[in-house]
Enquirer: 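One structure follows; several queries about it will come next.
Side chains included, hydrogens not; waters and symmetry mates left out as well; all remaining heavy atoms used. Please read all numbers here as calculations on a predicted model, not as lab measurements. In the text below, chain A, chain B and the rest are named by the order of the sequence lines, each starting its count at 1.
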Number of protein chains: 2
Amino acid sequence: MKELDPLLHSQLRLAVMSILMNVDEADFVYLKEKTESTAGNLSVQLDKLVNAGYITADKGFVGKKTRTVCRITEQGRKAFEEYVEALKGYLGL
Amino acid sequence: MKELDPLLHSQLRLAVMSILMNVDEADFVYLKEKTESTAGNLSVQLDKLVNAGYITADKGFVGKKTRTVCRITEQGRKAFEEYVEALKGYLGL
DNA sequence: AAATACAGTTTATATTATAAACCGATTTAT
DNA sequence: ATAAATCGGTTTATAATATAAACTGTATTT
């Protein structure tokens, strides 16, 4: 039984990574809506993913509003794929 | 994105459930070896699964040694299957 | 009979997740 | 013009969780 990357083994962070695996980029507001999370929780979990090097979060502007755009990194993609492989061992897939 | 049953979304509890899905019964010592967990941690997590009605843990004797035998319940089996389905939504399977 | 080991349980601690409270800027209402 | 609400977040406090260390009782070995 392989280790499950604790950074990915969290509902919210996994949801974020799952979205970013399939969507070239996604902003904070979109991730918040899709994951149905609170802003605070999302902010904290995004930070952890950024710190792990799994995603990037770039703050910019659209008109006068701030906008944080997230993208998955190559490292993040790899970690996600390894996590899926590890999980399969548990789920019998 | 479906909720992930928090009782199953824990590495050790998931490992235990995974084993019990495939093995008519398993005792404490076996689960401890297979999951490479400490006795204390395993004891706590088994309790939670018992309390949730996902497994049974029956204490008996083999000769003079105590032996705790665990089995998955119908409810546990169903919860596990639902968890797998929910996860698939995240993993893209 | 003292020490060691076995099969766990209880309790204390470290980590994690989560939401509440906050912040600065902008827009809306009065 | 200014007070009040809104947007897009961040920081911080708290609740929940996981984990291991310390303990218990019985049995075996020395």
Enquirer: Could you tell me which residues satisfy salt bridge (charged side-chain N to carboxylate O under 4.0 Å, His left out) with A:Asp47, sequence neighbours excluded, listed by chain and number?
Expert: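 None.
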Enquirer: Suppose we screen for side chain to side chain donor-acceptor pair (under 3.5 Å). Which residues come up paired with B:Thr68, at least two apart in sequence or across chains?
Expert: none
Enquirer: What pair of heavy atoms forms the shortest contact from A:Tyr90 to A:Ala86, and how long is it?
Expert: CD1-O, 3.3 Å
Enquirer: Got a sec? Which of residues 76-90 of chain B come in under 4.0 Å of DNA chain D, heavy atoms?
Expert: none
Enquirer: Round to the nearest Å and state the distance from A:Asn51 atom CG to C:dT16 atom C1'.
Expert: 15 Å
Enquirer: Which residues pass the salt bridge (charged side-chain N to carboxylate O under 4.0 Å, His left out) test with B:Glu82, sequence neighbours left out?
Expert: B:Lys78
Enquirer: So does B:Leu42 get a backbone contact from the side chain of B:Ser37, meaning a donor-acceptor N/O pair under 3.5 Å?
Expert: no
Enquirer: Listed by chain and number, what are the side chain to side chain donor-acceptor pair (under 3.5 Å) partners of B:Lys88, not counting sequence neighbours?
Expert: B:Glu85
Enquirer: Below 4.0 angstrom, which residues in residues 4-38 of chain A have at least one non-hydrogen atom near DNA chain C?
Expert: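 Residues of residues 4-38 of chain A that come under 4.0 Å of DNA chain C are, in numerical order, A:Ser10, A:Arg13, A:Thr38.
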Enquirer: Does A:Tyr54 use its side chain to pair, donor to acceptor, with the backbone of A:Leu46 at less than 3.5 Å?
Expert: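 No.
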Enquirer: How far apart are the closest heavy atoms of A:Gly53 and A:Thr73, and which atoms are they?
Expert: O-OG1, 2.6 Å
Enquirer: Based on the rotation axes of five pairs at each end, what angle does the helix from C:dA1-D:dT30 to C:dT30-D:dA1 bend through, to 10°?
Expert: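 Comparing the first five pairs with the last five, the axes sit 20° apart.
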Enquirer: How close do A:Gln11 and B:Lys2 get, heavy atom to heavy atom, and via which atoms?
Expert: OE1-O, 3.5 Å
Enquirer: Could you label the plane-to-plane angle of the B:Tyr83 and B:His9 rings as parallel, tilted or perpendicular, counting under 30° as parallel and over 60° as perpendicular?
Expert: tilted
Enquirer: Between B:Ala39 and B:Phe28, what is the shortest heavy-atom contact and its length?
Expert: O-CZ, 3.5 Å
Enquirer: How would you list, by chain and number, every residue that makes a side chain to side chain contact (heavy atoms under 4.5 Å, CB included) with A:Lys48, sequence neighbours excluded?
Expert: A:Leu7, A:Arg13, A:Val44, A:Gln45
Enquirer: Please list residues of residues 39-50 of chain A whose heavy atoms come under 4.0 Å from any atom in DNA chain C, ordered by number; otherwise none.
Expert: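 Heavy-atom cutoff 4.0 Å gives A:Gly40, A:Asn41, A:Val44, A:Gln45, A:Lys48.
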Enquirer: Tell me, please, which residues at least two apart from A:Glu36 pass side chain to side chain donor-acceptor pair (under 3.5 Å).
Expert: none
Enquirer: Report the distance from atom CG of B:Leu20 to atom CG of B:Leu31, rounding to the nearest 0.5 Å.
Expert: 5.5 Å
Enquirer: Each nucleotide N or O in nucleotides 22-26 of chain C that has a protein N or O under 3.5 Å away: list the pair and distance.
Expert:
none

Enquirer: List for me each residue that meets side chain to side chain donor-acceptor pair (under 3.5 Å) alongside B:Asp58, sequence neighbours excluded, and say none if there are none.
Expert: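 If we apply the side chain to side chain donor-acceptor pair (under 3.5 Å) test to B:Asp58, skipping adjacent residues, there are no hits.
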